[in-house]
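In what follows, every chain begins at residue 1, and chains take the letters A, B, ... in the order their sequences are listed.
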Amino acid sequence: MSISKTYQPKEAEDKWYSYWLTHKFFRSVPDEREPYTIVIPPPNVTGVLHMGHMLNNTIQDVLIRRARMQGKNACWVPGTDHASIATEAKVVAMLKEQGISKKDLTREEFLKYAWEWKEKYGGIILDQLKKLGASCDWDRTRFTMEDDLSEAVIDTFIHLYKKGWIYRGVRMVNWDPQGKTAVSDEEVIRKEVNQKLYYIRYEIAGDQLPATSDENTDNSQLVTRNYLIIATTRPETIMADSAICINPNDPRYTHLKGRKAMIPLINREIPIIEDEYVEMEFGTGCLKVTPAHDLNDYQLGQKHHLEVIDILNDDGTLNEKAQILVGEDRFAARKKIAVLLEEAGSLEKVEDYKSQIGFSERTDAVIEPRLSMQWFCKMGEMAKPALGYVLDGEVKLIPDKFVNTYRHWMENVQDWCISRQLWWGQRIPAWYNEKGQWVVAKTEAEAKTEFEKAGIAYQSISQEEDVVDTWFSSWLWPISVFDGFKNPDGADINYYYPTNDLVTAPEILFFWVARMIMAGHEFRGKKPFTNVYLTGIVRDKLGRKMSKSLGNSPDPLGLIEKYGADGVRVGILLSSPAGNDLMFDESYCEQGRNFANKVWNAFRLVKGWSVDESLPFVNDKAVNWFSSRFSEALQEINDNFGQYRLSEALMATYKLVWDDFCAWYLEMVKPGYQQPIDQQTYKATVSFFEDILKLLHPFMPFLTEELWHDEIFGTRAEMDCCIVAKMPVFVEINPQVLQEVEAIKQVISGIRNIRNTKQISPKDALELNIRHNSVVDYPAYKEMICKLGNISEVSMVSEQVAGAAGFMVLTDEFYVPLNENIDVDAERERLQKELEYLHGFLKSVNAKLSNERFVQNAKPEIVENEQRKRADAEAKIKAIEENLNVLAG
RNA sequence: GGGAGCAUAGCUCAGCUGGUUCAGAGCAUCUGCCUUACAAGCAGAGGGUCACAGGUUCGAAUCCUGUUGCUCCCA
């Protein structure tokens, strides 16, 4: 292997990814091993890799690689979803560029273009995942609109319809006038927007009101005799008004009760109704009621049996029912009607106003509440068991704070509007006769039979034009990717289902995760997965969500290019506790790259060693220590993984490698320049290194695989790869050696600190005197201390040493005699300070111990601990006082 | 308006059922070092009334109440 001074990721990444692929290491087929399964949250076929995907898929890859190395049959199923609205929009845009309008195409022609588009661009995001190192079983790649999965969707629809859980009805839906389709509540993004509040005069119809002397003179502006004023953000909808509503308790408007008002410009008469729903404080206290174009107004309209006047077309332009401004877009109409009202003298004033507006997640168009005939799926029955799985802990949400949110949603769940007015998607299996009567059936032939069974006459029948919501495919994903519908007792579904972990974003907890649990229960009688790991949102370091429009999202492939896939993986994981948003900054990737380089260089060091078999084994202490330390860290890492604390597992690994292995262990055993090393140390070190590569592999697959195949580990068989190496297992740790080396490390730090403060070069050897009171066997570590501290001579003493720089570790005293005279005053001051601190410390400990209630109430081990603290502090005080005496002497 | 959550070092975060593994980690900062594995580095150091105010307790970052500020979800 060529050993460059720094790690060069590019070559290793391409080389090993294709090696893994050709040797089928990602492939999983059912066998006798324990399965470990993850289904990918299928990215949208129109998508390109963004930072959220990077985070999400890095986590999945870490989990799946670790499971694989634990000997499980690890299966990560990749795929994409067909994203009906987004894809259809893309295809429409592409056709437009070619001068083709969707209107001029038949459904079949359009779908042909759509499939072509999918074949061409739909795989991009999956290829990008490969760059990240994702070890998906690519042979299992699925797509939500492929034949088998589509059939499952249709069968599901029919199944639920037969159960009475799917119905058709008029509802106020979220209409996307750009996509020309209904979207679900979950696909509406609310944003605060600056708007205008228009104050509009409506004449009161009929006789002039009696001229009374006003009791409410302060309100006289509003309670003018022959008109009332409403405040609205949507003046273009006044033509759709059905009523004016006032609060019956509003003293300002008692005179309006039972009267009628005239809509300005079109002079249509509408009733003035009363309802406590109207907030007296808001606007003028008079509310225009527009049932066709506002959800609340719709409900109010139902209550008061008001007329529904729909003045909008499906593209958001005004229709003939508006009478004026017909054909204008709703926003253009808003501007124009303001002018018309002004001219007519009906516009009282205009104010700035902020409010929440819904936008389509897919097209970013302003959502229009609209009444239409849609298909709905009842949620009540399915929500109950789905809630149970989570409350019982059978499905775990990580972090568990999401359980509350989940419960709240499931207890207040609304029926699911599943129809979409699109072509790209699974067409709803409903059939109509020429009278608009309908049946649900899989095929035309079956539909005819259904009609006949129902005794409904038909001449010709036609299928419903709408398709189902994409999520109506995705909720089946954990079952359908294993062909659980086509082959309910198949080997795959029986082996892999329920899956183990699902990694996804909290934003889709309800409309995807919850519904998968519903589907899992309904169709398999089992949960779809055990753990749901909810990642945070990737934000920039200013805390803003990463978005295309802000341009604050780094290009993930550019990052991989710059820092290496391993560096980026480490970078993104370092700061991503589950469920917390992560403030991403490139510097994390830099840290990741630096870490990769550290491992690389540690390897260069070991690789450069030559072995001399005649040398004695002198590093037994170091080897024993690291062996124990490794096991100790392993335990911690396993524990972190067990709790899905991936960033902490990574940090523990990072510190084990960088601090314990590189900074301490390698320095302990490293021979002098161009000196050989003894055989035993070498073997132990190479073996440690191999264990470290295994531990690192899930986080840094490429670097570790690259090093794994170096000749220092001996010759490897073709299939002997780090990706399938067995994870190290815990071995007995030796607490004594761990404790002693901890003390030795402090001694060495003490020596280095003296060098630093006294400006002594690391090259100048020093002497060390130890006056020892603790149980640490310092003489046994003489070699180690000399090597790491550049100490020429260690001697044990029984008295304080005058004229030396000193420090304490535990209760032991260390003296470094210096040639130059030490600054007695400074030294005394330092000791005085420490003494002061210790006295204060002792005082607080004594206060506790002399408190009867403490001794009585506290647990015995805590009291013991306090007693030990007292003994330690007393010993230290004694030593420092002796030292001060020596200084004085 | 309803619900949930957060506030600890300059930044990002750990601190489980109150008690030296209680004030921690990584990064950043500062001071020395090009010490032949690594300057993408080495050695050392300095940073915090644990948002604020009360309370419970022998003892509170940790439990309770209130205040302030922020975030998210739902309407």
Side-chain angles (χ1 to χ4, degrees), chain A residues 3-7 185-186 190 279 295-296 356 399 401-409 411-412 414 506-507 509-510 536-537 539 541-543 545 563-564 567 571 574-577 579-585 587-609 639-640 643 645 647-648 650-652 654-655 658-659 662-663 666-667 670 672-674 742 748-763 788-790 841 844-845 847-859 861-863 865-866 868-869 872-873:
Chain A
I3 295 279
S4 72
K5 210 174 165 183
T6 54
Y7 171 55
D185 290 342
E186 290 80 7
R190 282 167 205 286
E279 280 180 48
L295 182 57
N296 295 315
Q356 296 273 320
K401 66 177 176 184
F402 286 106
V403 172
N404 280 338
T405 332
Y406 182 85
R407 174 172 45 205
H408 186 258
W409 192 77
E411 284 172 352
N412 297 284
Q414 305 269 319
E507 302 143 62
L509 181 59
F510 310 129
I537 296 166
R539 298 174 178 278
K541 65 174 176 182
L542 299 174
K545 207 167 166 172
Y563 300 104
L574 270 176
S575 66
S576 62
N580 279 2
D581 288 1
L582 78 112
M583 309 298 163
F584 182 79
D585 187 81
S587 64
Y588 288 115
C589 294
E590 198 181 332
Q591 191 181 349
R593 179 201 59 181
N594 293 354
F595 183 47
N597 197 48
K598 185 72 190 177
V599 176
W600 178 260
N601 273 292
F603 185 81
R604 284 178 67 213
L605 172 69
V606 176
K607 189 169 168 62
W609 288 344
D639 187 53
N640 283 326
Q643 297 178 63
R645 297 169 160 228
S647 60
E648 291 189 42
L650 172 57
M651 186 46 71
Y654 180 96
K655 286 196 276 193
W658 199 309
D659 299 343
C662 295
L666 288 179
E667 293 298 333
K670 171 169 137 182
Y673 182 53
Q674 288 190 333
E742 223 30 64
I748 289 156
S749 289
I751 296 164
R752 287 171 176 170
N753 196 0
I754 287 173
R755 284 187 194 279
N756 247 307
T757 49
K758 306 280 191 254
Q759 310 250 344
I760 303 165
S761 160
K763 285 175 189 157
L788 297 185
N790 192 15
F841 181 76
S844 79
V845 175
K848 277 190 201 177
L849 286 171
S850 57
N851 183 331
E852 266 178 49
R853 287 203 270 185
F854 170 74
V855 180
Q856 269 170 13
N857 297 334
K859 284 183 247 170
E861 60 264 33
I862 285 160
V863 178
N865 210 349
E866 293 299 316
R868 196 168 27 203
K869 274 155 69 178
D872 277 8

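When heavy atoms are screened at a 4.0 angstrom cut-off, A/Tyr654 is found touching the sugar-phosphate backbone but no base atom. If you check every strand for non-hydrogen atoms under 4.0 Å, A/Glu648 touches sugar and phosphate atoms only. Within 4.0 Å (heavy atoms only), A/Ser587 reaches no atom of the nucleic acid at all. Nucleic acid contact for A/Arg593: base, since at least one base atom lies under 4.0 Å from a heavy atom of the residue. When heavy atoms are screened at a 4.0 angstrom cut-off, A/Ser749 is found touching the sugar-phosphate backbone but no base atom. Residue contacts shown for A/Trp609 are absent, as no nucleic acid heavy atom lies under 4.0 Å away. Within the nucleic acid shown, A/Asn404 comes within 4.0 Å of sugar-phosphate atoms alone, with no base atom in reach, counting heavy atoms only. The residue A/Arg645 sits close only to the backbone: its heavy atoms come under 4.0 Å of sugar-phosphate atoms, none of a base. Note on A/Asn412: nothing from the nucleic acid sits closer than 4.0 angstrom, heavy atoms only. When heavy atoms are screened at a 4.0 angstrom cut-off, A/Glu667 is found touching base atoms of the nucleic acid.
Of all nucleotides listed (B/U35, B/G41, B/C38), B/G41 comes nearest to the side chain of A/Trp658. Listed nucleotides: B/U35, B/A43, B/C38. Nearest to the side chain of A/Asn601: B/C38. With B/A40, B/A39, B/C58 as the candidates, the nucleotide lying closest to the side chain of A/Thr6 is B/A40. The side chain of A/Lys598 sits closest to B/A37 out of B/A37, B/C73, B/U12. Proximity note for A/Asn753 (side chain, C-beta onward) versus B/A45, B/G26, B/A37: the nearest is B/A45. Closest contact between the side chain of A/Asn756 and the listed nucleotides B/A37, B/A43, B/G26 involves B/A43. With B/U35, B/C38, B/G19 as the choices, the nucleotide that has an atom nearest any side-chain atom of A/Asn597 turns out to be B/C38. When the nucleotides B/A25, B/A43, B/A37 are ranked by their closest atom to the side chain of A/Lys655, B/A25 comes out on top.
B/U17 and B/U62 are spaced 12 Å apart, taking the P atom of each and rounding to whole Å. B/U71 and B/U8 have their P atoms separated by 15 Å, with the value rounded to a whole Å. Rounded to whole Å, the P atom of B/C30 lies 16 Å from the corresponding atom of B/G47. Comparing the P positions of B/G3 and B/U67 gives a spacing of 14 Å, expressed to the nearest Å. For the C1' atoms, the distance linking B/A9 with B/A14 amounts to 13 Å, nearest Å. Distance check on atom C1': B/C13 versus B/G54 gives 29 Å, rounded to whole Å. Comparing the same atom, C1', in B/C52 and in B/C70 gives a spacing of 15 Å after rounding to whole Å. The gap from the P atom of B/A45 to that of B/A25 amounts to 12 Å, rounded to the nearest Å.
Atoms CD (A/Glu590) and C1' (B/U12) sit 16 Å apart, rounded to a whole Å. Following rounding to the nearest Å, A/Phe595 (CZ) and B/G26 (C1') show an atom-to-atom distance of 12 Å. Regarding A/Phe510, its CZ atom lies at a distance of 13 Å from the P atom of B/A4, rounded to whole Å. Put simply, CG on A/Leu788 is 14 Å from P on B/C42, counting in whole angstrom units. With rounding to whole Å, A/Tyr7 atom OH is found 18 Å from B/A39 atom P. With rounding to whole Å, A/Met651 atom CE is found 7 Å from B/C27 atom P. Taking atom CG of A/Asn790 as the reference point, atom P of B/C33 lies 18 Å away to the nearest angstrom. Atom CZ of A/Arg407 is separated from atom P of B/G3 by 14 Å (rounded to the nearest Å).
Position along RNA chain B of the nearest nucleotide to A/Glu507 versus A/Thr757 favours A/Thr757 as the more 5'-ward residue. Residues A/Asn865 and A/Asp659 each lie close to RNA chain B; by heavy-atom proximity, the contact nearer the 5' end of the strand is made by A/Asn865.
Contact record, A/Tyr7 with A/Asn597: N-OD1, 3.0 Å, taken as the closest heavy-atom pair. Listed here is the closest heavy atom pair of A/Asn790 and A/Lys763: ND2-O, 3.1 Å. Residues A/Ser647 and A/Leu574 approach most closely at CB-O, 3.5 Å, considering heavy atoms. Shortest non-hydrogen contact noted between A/Trp609 and A/Leu666 is CH2-CD2, 4.1 Å. Of all non-hydrogen atoms in A/Cys589 and A/Tyr563, the two that sit nearest each other are CB-CD1, 3.5 Å. Closest heavy-atom contact between A/Arg755 and A/Ser761: NH1-O, 2.8 Å.
Under the 90° criterion around 0 for the glycosidic angle, B/U56 counts as anti. Under the 90° criterion around 0 for the glycosidic angle, B/G10 counts as anti.
Under 4.0 angstrom from either OP1 or OP2 of B/A37 there lies no side-chain N or O belonging to A/Arg604. Taking only side-chain nitrogens and oxygens, A/Trp409 never comes nearer than 4.0 Å to OP1 or OP2 of B/A75. Residue A/Lys401 places no side-chain N or O under 4.0 Å from the OP1 or OP2 atom of B/C6. OP1 or OP2 of B/A37 sits under 4.0 Å from a side-chain N or O of A/Lys670.
Pairing partner, B/A25: B/U12, with both Watson-Crick or wobble hydrogen-bond distances short of 3.5 Å. Base pairing of B/A60: no nucleotide in any strand meets the Watson-Crick or G-U wobble criterion (both distances under 3.5 Å). Nucleotide B/U67 forms a pair with B/A51, judged by Watson-Crick or G-U wobble geometry with both contacts under 3.5 Å. Applying the Watson-Crick and G-U wobble criteria (two distances, each under 3.5 Å), B/C42 pairs with B/G32.
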Query - Candidate pair A/Glu866 and A/Val863, rule side chain to side chain contact (heavy atoms under 4.5 Å, CB included), full reasoning - result: CA-CA 5 Å; A/Glu866 293 299 316; A/Val863 178; 5.6 Å; no

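Of the possible donor and acceptor atoms, none in the side chain of A/Arg752 sits under 3.5 Å from a partner among the backbone N and O of A/Pro762.
By the side chain to side chain contact (heavy atoms under 4.5 Å, CB included) test, A/Glu648 pairs with A/Asn640, A/Arg645, sequence neighbours left out.
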